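Just so we're clear, the structure is a prediction, and the values are computed from it rather than from any experiment. Residue numbering restarts at 1 for every chain, and letters A, B, ... go by the order of the sequence lines.
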2 protein chains.
Amino acid sequence: MSMHYVSVARARTTSDAFNAVAEPRRRQILLYLAHDERQVGEIVEATGLNQPSVSKHLGVLRRVNLVRVRRNGRHRLYRTNAAAIRPLHEWTQTFEQYWRHQLIRVKERAEAAMKREPSASDSPRFDPSR
Amino acid sequence: MSMHYVSVARARTTSDAFNAVAEPRRRQILLYLAHDERQVGEIVEATGLNQPSVSKHLGVLRRVNLVRVRRNGRHRLYRTNAAAIRPLHEWTQTFEQYWRHQLIRVKERAEAAMKREPSASDSPRFDPSR
DNA sequence: TTGACATATTCCCATATGAGCATGCATTAT
DNA sequence: ATAATGCATGCTCATATGGGAATATGTCAA
């Protein structure tokens with residue numbers, strides 16, 4: 001029997017979409033490639049990064065399937081694979097109900113305060129709603 | 001004049017919500033704390049992590065405002081601050097139009113193929129839509 | 001005051017990167 | 001064939017963590 005994981009000192013990054021997107025430059029690249037495909041040189045120019053850095057970021061994005069590549073002569077045309085961002089969207093969406101809840105409570109409290117003492121600073125006593 | 005950034009060898013992590021959420025354990029904690037507040041001990045039990053690890057993850061989440069704390073005696077009650085997740089939701093949402101586009105194109109192609117040769121494997125020649 | 005509890009911090013270690021530089025690899029031009 | 005062009009990789013360095021163990025802090029109980 002072989003131990004595949006002896007000790008994971010630090011969680012593997014760049015192994016999933018969440019990690020790939022955590023890097024600001026990569027988010028920048030994803031936005032840049034969202035509308036239409038571009039060759040690496042264009043990305044280098046657009047981001048101001050040097051070519052190797054761009055290639056490496058593209059490598060990470062490629063591995064997690066956040067971009068698609070297409071070869072054309074000696075160029076490579078990259079493009080954002082928007083579908084791969086959907087899981088992130090859905091994960092964040094699971095919290096939507098909670099922030100809506102928060103907003104509603106804030107609003108209700110504001111209105112209640114308004115009713116008690118119109119145009120006066122709030123004097124928080126206790127909150128019966130909790 | 002002072003140089004604030006001498007050399008950033010690696011982009012600062014745990015400095016924004018994107019990075020905080022990139023860590024699986026922290027996502028797990030956020031979900032756990034989304035519904036209602038819990039004390040650290042409960043999080044430790046729920047996640048199976050040891051207490052210091054949990055405290056450290058909570059520290060990161062606290063710094064980027066993804067959780068709120070409330071002291072109660074010798075306990076600390078944590079709770080997810082869902083509102084802080086909204087920016088992530090909105091970022092991912094900017095890509096929604098693109099993945100919808102993709103889905104539509106896939107669907108159209110499928111229907112077009114269906115019309116040409118009902119129930120036959122697709123023979124991709126060229127794509128006039130691009 | 002002395003302890004027991006609940007958490008947060010600090011230290012040390014192994015590992016993962018990101019950036020910069022140099023180099024390897026195709027593919028096209030001459 | 002040879003050079004030039006466009007990218008991908010490899011290597012080194014500095015730094016950021018995450019996990020685990022030990023320790024510090026703060027609060028309530030006896």
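- The nearest whole Å value for the distance from the CZ atom in Arg70(A) to the C1' atom in dG6(D) is 16 Å.
- In terms of phosphate contacts, Arg76(B) brings no side-chain nitrogen or oxygen within less than 4.0 Å of OP1 or OP2 of dG26(D).
- For the pair Glu45(B) CD and dC5(C) P, the interatomic distance rounds to 16 Å; values are reported in whole Å.
- Going from atom OG1 of Thr80(A) over to atom CG of Leu30(A) covers 5.0 Å, rounded to the nearest 0.5 Å.
- Rounded to a whole Å, the CG atom of Asn19(A) is 13 Å from the C1' atom of dG18(D).
- Phosphate contact (OP1/OP2 of dG6(D), side-chain N/O of Tyr78(A), threshold under 4.0 Å): absent.
- Contact annotation: His57(B) side-chain N/O to dT17(D) OP1/OP2 distance is not under 4.0 Å.
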**Asked** For Arg86(A) and Glu90(A), what are the C-alpha separation, side-chain angles and deciding distance, and is it a side-chain contact (heavy atoms from CB on, under 4.5 Å)?
**Response** CA-CA 6 Å; Arg86(A) 247 186 119 165; Glu90(A) 281 159 13; 3.5 Å; yes
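- One can place CG of Leu58(B) at 16 Å from P of dA6(C), the figure rounded to the nearest angstrom.
- If you measure from atom CD1 of Ile29(A) to atom C1' of dA19(C), you get 13 Å, rounded to the nearest angstrom.
- Remark: Val69(A) pairs with Arg62(A), Arg76(A), Tyr78(A) by the side chain to side chain contact (heavy atoms under 4.5 Å, CB included) rule, at least two apart or across chains.
- Here the OH-CD distance, from Tyr32(A) to Glu42(A), works out to 5.0 Å after rounding to the nearest 0.5 Å.
- Atom CD in Gln39(A) sits roughly 11 Å away from atom C1' in dT5(D) (whole-Å rounding).
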**Fill in**
Heavy-atom contacts, protein to nucleotides 21-30 of chain C, under 4.0 Å, summarised as B (base), S (sugar-phosphate only) or - (none) per nt, yield BB---SBSS-
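- Atom CZ of Arg62(B) and atom C1' of dT9(C) are 11 Å apart (whole Å).
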**Message:** Apply side-chain contact (heavy atoms from CB on, under 4.5 Å) to residues Val54(A) and Thr47(A) and explain how you reach the verdict.
**Reply:** CA-CA 8 Å; Val54(A) 169; Thr47(A) 59; 3.9 Å; yes
**Item:** Worked check of side-chain contact (heavy atoms from CB on, under 4.5 Å) between Phe18(B) and Glu23(A)
**Value:** CA-CA 8 Å; Phe18(B) 279 98; Glu23(A) 167 62 47; over 6 Å; no
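- Scanning for side-chain hydrogen bond (donor to acceptor under 3.5 Å, both in side chains) contacts around Gln93(A) gives Glu96(A), with sequence neighbours left out.
- The distance between atom CG of Leu61(A) and atom P of dT17(C), rounded to the nearest whole Å, is 13 Å.
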